[in-house]
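First the structure, in the form of structure tokens, and then the observations on it.
Throughout, protein chains are lettered first and strands after them, A, B, ... in sequence-line order, and every chain is numbered starting at 1.
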Number of protein chains: 2
Amino acid sequence: MTGPLIDLSGAEPLEPERLQAYFALTEAASLLQHRVERHLRGEGDLSGVQFQILMRLASGDGRATMTELADGLVHSRSGLTYQAGLLEKAGLVTRAPSEQDERAVVVTITDEGVAVISRVLPGHIDVVRRSLLDQLSDDDVRRLAEMMARVRDHMRAEPPRSAAARRSPSRAPVSGEAGGPAQA
Amino acid sequence: MTGPLIDLSGAEPLEPERLQAYFALTEAASLLQHRVERHLRGEGDLSGVQFQILMRLASGDGRATMTELADGLVHSRSGLTYQAGLLEKAGLVTRAPSEQDERAVVVTITDEGVAVISRVLPGHIDVVRRSLLDQLSDDDVRRLAEMMARVRDHMRAEPPRSAAARRSPSRAPVSGEAGGPAQA
DNA sequence: TATTGTTATACTCTATAACTATA
DNA sequence: TATAGTTATAGAGTATAACAATA
């Protein structure tokens, strides 16, 4: 039998263990996300992002600005505007200009929003438990939480190359992005 | 009243450590996926799914049926057809009916497909290393790989409730259901 | 009748750029 | 000038159901 068609040995390849960790993480997270979103859609007619927005509001004092919400939930501002608009249309949040800073918009969860979260959350937790947590020992959980927090914080701290928080006015040319034959 | 707006104590809540493990995993995986897809799109004009299809082909003997590819890569068959169609249009794979089973379609990676993977992979690995692996010790990596493989296998083995692999054949036909495709 | 795969269709989500308004 | 947010637009991806063809 012939070996794989691709040879990694030129470019400082990844050891099999690391590659497997990456692939397993990717696949498990993707499966979990899929199950969770399926549940949320079926149970509460919520997208994953909408659920996270509501959760973030409900876990605090029920209010946050768009910018505060954008941190960590979504990768573009317009995406958040879109999702917040849907939530508002559904009556689960309200939006009003901030009084401290007229530019900002304060998003506030409504009673109905709290009710939806309360209704959906038990099933959500159940899915997470059955899919993920039940397969992990207490020590696994501690270890996983610590590792993933580390990785997350690292990525948050060091934004990916060539990705300004907002389109920078003086966009530096991306290294090596010369006119490559981009397939075709 | 300063506490969170939502009370979990009714429904056997999640211990904070478990909740944090879940959230950190979700967020880290989401950030990683976003970076990886950004890189793939920029470097090779590939979607994440397309990359995975090519990787799976290139890691084996270069050929697989649609059904074999569908396992683990995508959540609906039509989605795979769509992505495979794009790859074929780009000249990175070919599709031809199987000779053993005329129903099946054999997808084969082309030389150009191998070339694209070879060109993209070093940068891909670099992203994964910088974003994820460099933050983990060797022991972390072993532990993570083992945990995530366990979780992944569990989800694969036990499909989510109310999700038949395919639309269940025992579906009672509704008499008035036939008729032209909804036009509009 | 079950399985493999495609197609038609409709929809959700996302991202970029241009824009407004306030600090 | 920089920041907060919206809008317009356009494209990518997905899922469901109906369909055709082979086993």
Side-chain angles (χ1 to χ4, degrees), chain A residues 30 33-34 37-38 40-42 45-53 64-71 73-89 95-107 163-171, chain B residues 30 33-34 37-38 40-42 45-53 64-71 73-90 95-107 162-171 173-174 177-184:
Chain A
S30 163
Q33 184 194 9
H34 201 251
E37 298 205 332
R38 199 177 185 85
L40 292 174
R41 178 63 65 194
D45 204 34
L46 292 175
S47 72
V49 173
Q50 286 162 25
F51 174 75
Q52 289 179 61
I53 292 173
T65 66
M66 295 293 282
T67 295
E68 287 163 357
L69 286 177
D71 287 343
L73 288 187
V74 110
H75 304 284
S76 75
R77 285 165 115 79
S78 67
L80 179 58
T81 296
Y82 171 74
Q83 295 288 352
L86 292 182
L87 286 174
E88 187 176 41
K89 206 181 307 177
R95 282 187 292 182
S98 164
E99 298 185 354
Q100 287 80 41
D101 183 342
E102 290 275 323
R103 295 172 302 181
V105 166
V106 175
V107 181
R166 192 132 185 200
R167 189 45 82 219
S168 176
S170 58
R171 178 170 176 246
Chain B
S30 163
Q33 184 194 9
H34 200 252
E37 298 205 332
R38 201 177 183 83
L40 292 174
R41 178 63 67 195
D45 204 33
L46 292 175
S47 73
V49 173
Q50 286 162 24
F51 174 74
Q52 289 180 61
I53 292 174
T65 66
M66 294 294 282
T67 295
E68 287 163 357
L69 285 178
D71 288 343
L73 289 187
V74 109
H75 304 286
S76 75
R77 284 166 117 77
S78 66
L80 179 57
T81 295
Y82 171 74
Q83 296 287 352
L86 292 182
L87 286 175
E88 187 177 40
K89 207 180 307 178
R95 281 187 292 182
S98 163
E99 299 185 354
Q100 288 80 43
D101 184 341
E102 289 276 323
R103 295 172 304 183
V105 165
V106 175
V107 182
S162 82
R166 191 128 187 202
R167 188 49 75 224
S168 172
S170 53
R171 173 170 171 260
V174 178
E177 200 174 15
Q183 164 234 345

Response to the item:
To the nearest 0.5 Å, atom CG of Leu87(B) lies from atom CD of Gln50(B) at 4.5 Å

Discussion item. Both Ser78(A) and Val106(B) contact DNA chain C. Taking the nearest nucleotide for each, which residue is further toward the 5' end?
Written reply: Val106(B)

Response to the item:
Smallest heavy-atom separation, Leu40(A) atom then Gly48(A) atom, equals CD1-CA, 4.1 Å

Worksheet item: Any side-chain N or O of Gln83(B) less than 4.0 Å from the OP1 or OP2 oxygen of dT14(D)?
Response: yes

Item to complete: Could you tell me which non-hydrogen atom of Ser47(B) sits nearest to which non-hydrogen atom of Gln83(B), and how far apart they are?
Response: OG-OE1, 3.3 Å

Worksheet item: Does the side chain of Arg77(A) come under 3.5 Å of the side chain of Thr67(A) through a donor N or O and an acceptor N or O?
Response: yes

Worksheet item: Taking only side-chain nitrogens and oxygens of His34(A), does any of them come within less than 4.0 Å of OP1 or OP2 of dA15(D)?
Response: yes

Worksheet item: Which whole-number value in Å describes the distance from Glu88(A) CD to dT7(D) P?
Response: 10 Å

Worksheet item: So which heavy atom on Thr65(A) is nearest to which on Ala104(A), and how close?
Response: CG2-CB, 4.3 Å

Please list each protein N or O that sits under 3.5 Å from an N or O in nucleotides 20-23 of chain C, with the distance.
| unit_1 | atom_1 | unit_2 | atom_2 | d |
| --- | --- | --- | --- | --- |
| dA23(C) | OP1 | Glu102(A) | N | 3.0 |
| dA23(C) | O4' | Arg103(A) | NE | 3.4 |
| dA23(C) | O4' | Arg103(A) | NH1 | 3.4 |

Discussion item. Over all strands shown, is Ser98(A) touching base, sugar-phosphate only, or nothing at heavy-atom distances under 4.0 angstrom?
Written reply: nothing

Worksheet item: Side chains of Arg95(B) and Thr81(B): does their closest heavy-atom pair fall under 4.5 Å?
Response: yes

Worksheet entry | Spacing of Arg77(B) atom CZ relative to dA8(C) atom C1', expressed in whole Å | 18 Å

Item to complete: Can you figure out which of dA12(D), dA15(D), dA15(C) approaches the side chain of Tyr82(B) most closely?
Response: dA12(D)

Worksheet item: Can you tell me how far P of dC13(C) sits from CZ of Phe51(A), to the nearest Å?
Response: 15 Å

Fill in: His75(B) side, atom NE2; Ser30(A) side, atom OG - distance, nearest 0.5 Å
4.0 Å

Discussion item. Are Ile53(B) and Leu80(B) packed together at the side-chain level, in the sense that at least one heavy-atom pair is separated by less than 4.5 angstrom?
Written reply: yes

Response to the item:
Taking dT6(D), dT6(C), dT4(C) as options, the one with an atom nearest any side-chain atom of Arg95(B) is dT6(C)

Worksheet item: Where along residues 64-71 of chain A does a heavy atom come under 4.0 Å from DNA chain C, residue by residue in number order?
Response: none

Practice prompt. Quick one: closest heavy-atom pair of Gly79(B) and Val74(B), and the distance?
Written response: C-CG2, 4.5 Å

Worksheet entry | Distance in angstrom units between Leu46(A) CG and dT12(C) C1', rounded | 14 Å

Practice prompt. Can you tell me the distance, in whole Å, between the CZ atom of Arg38(A) and the C1' atom of dT16(D)?
Written response: 10 Å

Worksheet item: Can you tell me how far C1' of dG11(D) sits from CD of Glu37(B), to the nearest Å?
Response: 15 Å

Worksheet item: Between Arg41(A) and dC13(C), is there a side-chain N or O to OP1/OP2 distance below 4.0 Å?
Response: yes

Discussion item. Measure NE2/His75(A) against C1'/dA12(D) and give the value in whole Å, please.
Written reply: 16 Å

Item to complete: Supply the atom-to-atom distance Met66(B) CE to Leu73(B) CG, rounded to the nearest 0.5 angstrom.
Response: 10.5 Å

Fill in: Gap between atoms CD and P, on Gln50(B) and dT14(D) respectively (whole Å)
9 Å

